[in-house]
Amino acid sequence: MTDRVHHPVPSGPRARLAAVLSQADQLVSVDDVMTALSVDRKTASKTLARWHAQRWLQRVGHGLYTAIPLDSRATEQVLEDPWVLVPSLFGTAYVGGWTAAEHWDLTEQLFRDIFVFTTKAIRARKHDVHGITFVLQHIQPKAFFGTRSIWRGQARVGRRPSPGSAKGRR
């Protein structure tokens, strides 16, 4: 857990966004905005929606956004590594199957889809998020064991989310 220093809330919209992004990881949640700007949940949600409408943020899940680089022409895929979405979108989950085999260099094949095992109830086997296809497999919570977290850039992937945390890592 990192200690966050609270500074006075900046006044301009870009400065407010910069304050949020400096305290958040690659993904920005309503809780991040509430903390960084000292606002209530409703105001934080509206702020995120406004930044999304201005194309400063891209929505990647319910209440979950990522920054769009200023030099980006397309907003289809703005994340460097889609694995960082796994804990946020699928809760207690791990990346497995062919995706894990590729990660650990057990195959020379390259796969476009990301295979995810999750304890979360799923409605559809495939879940598309801005050009990234996640192939989902439901598992019982008792079958979730023997996994370990890995670091992908600055993001930790593969550990259980903390209660009340949208990101699963704080």
Side-chain angles (χ1 to χ4, degrees), residues 1-2 4 20-21 23-36 39-49 51-53 57-68 75-107 109-170:
M1 179 175 207
T2 59
R4 308 228 175 181
V20 171
L21 294 176
Q23 290 190 18
D25 294 324
Q26 288 187 25
L27 303 176
V28 179
S29 69
V30 174
D31 291 337
D32 292 327
V33 176
M34 289 172 56
T35 301
V39 296
D40 60 54
R41 181 166 292 281
K42 185 176 180 180
T43 303
S45 296
K46 287 183 178 183
T47 301
L48 284 169
W51 289 339
H52 176 258
L57 296 178
Q58 180 67 48
R59 186 173 187 265
V60 293
H62 180 71
L64 199 60
Y65 298 81
T66 188
I68 297 174
T75 59
E76 185 66 24
Q77 184 175 343
V78 294
L79 286 171
E80 290 180 27
D81 188 356
W83 281 35
V84 300
L85 294 173
V86 171
S88 301
L89 294 178
F90 308 115
T92 303
Y94 65 90
V95 174
W98 59 73
T99 310
E102 179 184 344
H103 171 77
W104 295 111
D105 293 326
L106 300 175
T107 181
Q109 292 179 300
L110 299 176
F111 299 98
R112 292 180 48 143
D113 300 345
I114 298 173
F115 202 95
V116 177
F117 291 87
T118 179
T119 59
K120 188 175 177 181
I122 56 175
R123 294 183 185 183
R125 183 162 164 79
K126 290 194 175 187
H127 186 81
D128 292 316
V129 179
H130 299 286
I132 304 160
T133 301
F134 293 94
V135 179
L136 307 176
Q137 178 67 46
H138 178 264
I139 60 170
Q140 296 298 320
K142 65 182 178 184
F144 190 89
F145 64 91
T147 62
R148 70 178 197 191
S149 299
I150 62 167
W151 287 91
R152 301 278 292 204
Q154 298 293 319
R156 188 176 192 174
V157 179
R159 77 178 237 215
R160 294 175 186 244
S162 305
S165 171
K167 291 187 180 172
R169 56 191 194 295
R170 290 261 180 226

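Both backbone and side-chain heavy atoms feed into the values below; hydrogens, waters and symmetry mates do not.
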Nearest 0.5 Å, what's the [atom1]-[atom2] distance between [X] and [Y]?
X: Arg41; Y: Thr43; atom1: CZ; atom2: OG1; value: 11.5 Å
X: Trp83; Y: Thr99; atom1: CH2; atom2: OG1; value: 6.5 Å
X: Thr66; Y: Leu85; atom1: OG1; atom2: CG; value: 8.0 Å

Which heavy atom in [X] sits nearest to a heavy atom in [Y], and how many Å separate them?
X: Ala24; Y: Val28; value: CB-CG2, 4.0 Å
X: Glu102; Y: Phe111; value: OE1-N, 3.1 Å
X: His62; Y: Arg59; value: CA-NH2, 3.2 Å
X: Leu21; Y: Leu57; value: CD2-CD2, 4.5 Å
X: His138; Y: Lys120; value: CD2-O, 3.2 Å
X: Ala93; Y: Val116; value: CB-CG1, 3.8 Å

Can you check whether Thr107's main-chain N or O pairs, donor with acceptor, with Trp98's side chain at less than 3.5 Å?
no

Check for a donor-acceptor pair, side chain of Arg125 on one end and backbone N or O of Leu136 on the other, with a separation under 3.5 Å.
yes

As a quick check of understanding, evaluate side chain to side chain contact (heavy atoms under 4.5 Å, CB included) for Ile150 and Trp104, giving each step before the final call.
CA-CA 11 Å; Ile150 62 167; Trp104 295 111; 4.1 Å; yes

What's the verdict on side chain to side chain contact (heavy atoms under 4.5 Å, CB included) for Thr47 and Val39, showing C-alpha distance, side-chain angles and the deciding distance?
CA-CA 10 Å; Thr47 301; Val39 296; 5.6 Å; no

Evaluate the side chain to side chain contact (heavy atoms under 4.5 Å, CB included) criterion for residues Phe134 and Val86: first the C-alpha distance (whole Å), next the side-chain angles of each, then the deciding distance (0.1 Å), finally the verdict.
CA-CA 9 Å; Phe134 293 94; Val86 171; 4.0 Å; yes

Just one of Thr92, Thr119, Thr118 clears the side-chain contact (heavy atoms from CB on, under 4.5 Å) bar with Ile139, so which one?
Thr119

Any idea how Phe117 and Tyr94 line up, ring-wise: parallel (<30°), tilted (30 to 60°), or perpendicular (>60°)?
parallel

Pair Ile122, His127 - check side chain to side chain contact (heavy atoms under 4.5 Å, CB included), show working.
CA-CA 9 Å; Ile122 56 175; His127 186 81; over 6 Å; no

